[in-house]
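Keep in mind it's a predicted model, so treat the numbers as computed, not measured. Just so it is clear: chains get the letters A, B, ... in the order the sequence lines come, proteins before strands, and each one is counted from 1.
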Amino acid sequence: MNDRARAEEHLRVIRSLMERATIYRAISAPTALIGGLLAVATTFVIWWFDRSQAPGAPGLDNRLFAEIWLAILAVVLAINTFFVRQEALRDGRVLLSSGARLALRAIAPCLLIPAATTIWYFRNAEPIDQEILVAVWIAFYGLCLLATALFAPRSLVLLGWAFLLSGLLLIFWPKSFGADPRGLYPNFAMGATFGLYHLVYAVCVWASRQPDAREILAPE
Amino acid sequence: MPDFDKLDKAIHEKGRLAIMTLLASRVSWAFQDLKAELKMSDGNLVTHLRTLHKLGFVAVTKEMRDRPQTSYALTTKGRSAFTDYLKVLEQIVKAGKE
């Protein structure tokens with residue numbers, strides 16, 4: 001085997017080992033914490049706004065409901081980018097590391113249906129089921145997380161399953177199990193999943209990271 | 001003309017190259033995870049890690065969680081040495097094509 005063939009073989013082995021060992025956490029614990037708190041707060045504000053309305057007054061406008069949650073999504077994405085960048089700087093990596101690119105490639109196809117559903121929701125002149133929109137958001141967010149399962153930590157995979165199953169449950173829940181005259185179930189579903197699930201995830205990730213004591217050994 | 005003699009001998013050894021590659025793929029590795037991934041014996045892995053630590057390529061952190069855990073990470077010097085190693089390999093491949 002000549003030098004070139006040997007070098008190529010070495011590079012191939014290195015690449016395959018690195019791909020196999022890559023673990024990428026698409027959602028940092030601080031983002032989950034802030035995003036979770038924002039989602040719970042938003043749910044509370046929407047509920048509080050509805051309660052303060054006069055009896056018989058219409059609930060929150062469908063479009064406004066979606067706009068509020070999309071604004072929260074934009075804020076959380078900006079926060080996640082900030083934290084991922086901070087982490088990359090601290091570890092001497094670039095923002096769009098190979099792990100980040102791998103995650104984006106895996107997630108992108110799962111965003112098509114929720115994006116199309118959201119556009120359809122806004123373009124449709126007739127009132128549309130909020131339950132359907134929220135179920136699609138929740139279920140496909142779960143699918144996005146599960147799409148990274150091959151290189152994601154176990155906690156993120158469990159979070160993905162929780163979202164996916166909750167999204168499926170939501171499709172059947174409201175109309176089959178009880179009346180929702182004020183149309184608040186979708187709002188509560190957003191708070192329970194994007195709020196509480198993320199808070200539980202953040203607590204679990206932090207709890208598993210904190211050692212009781214740490215000693216760093218200098219080179220001899 | 002770049003050749004295999006220009007490669008860092010400390011990294012080029014098969015076991016140590018595998019360790020450096022894994023360490024380059026994540027922020028840090030626990031000893032048990034490295035051992036499981038590389039399927040090396042404790043003694044073999046410790047010897048290689050000690051060599052890399054002595055060279056300043058690897059940082060060692062001992063933590064107390066439910067039980068003591070030792071984790072390893074590439075230092076800036078180690079990451080730079082690994083990058084240089086890859087560059088030499090790429091140069092060899094390029095030179096072979098010309």
Which bit of [X] is near chain A, if near means a heavy-atom gap under 4.5 Å: side chain, backbone, both or neither?
X	answer
B/A73	neither
B/Q91	neither
B/Y72	neither

To the nearest 0.5 Å, how far apart are [atom1] in [X] and [atom2] in [Y]?
X	Y	atom1	atom2	value
B/M20	A/M18	CE	CE	10.5 Å
B/L17	A/H10	CG	NE2	6.0 Å
A/L17	B/I19	CG	CD1	10.5 Å

Quick one, B/L89 and A/I14 - any side-chain contact, counting heavy atoms below 4.5 Å?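 Yes. Closest side-chain heavy atoms under 4.5 Å.
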
Side-chain heavy-atom pair B/T21, A/R15 within 4.5 angstrom cut-off: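 Contact flag for B/T21/A/R15 side chains = no.
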
Residue B/K9 excluded, over 12 heavy atoms near NZ under 6.0 Å: yes

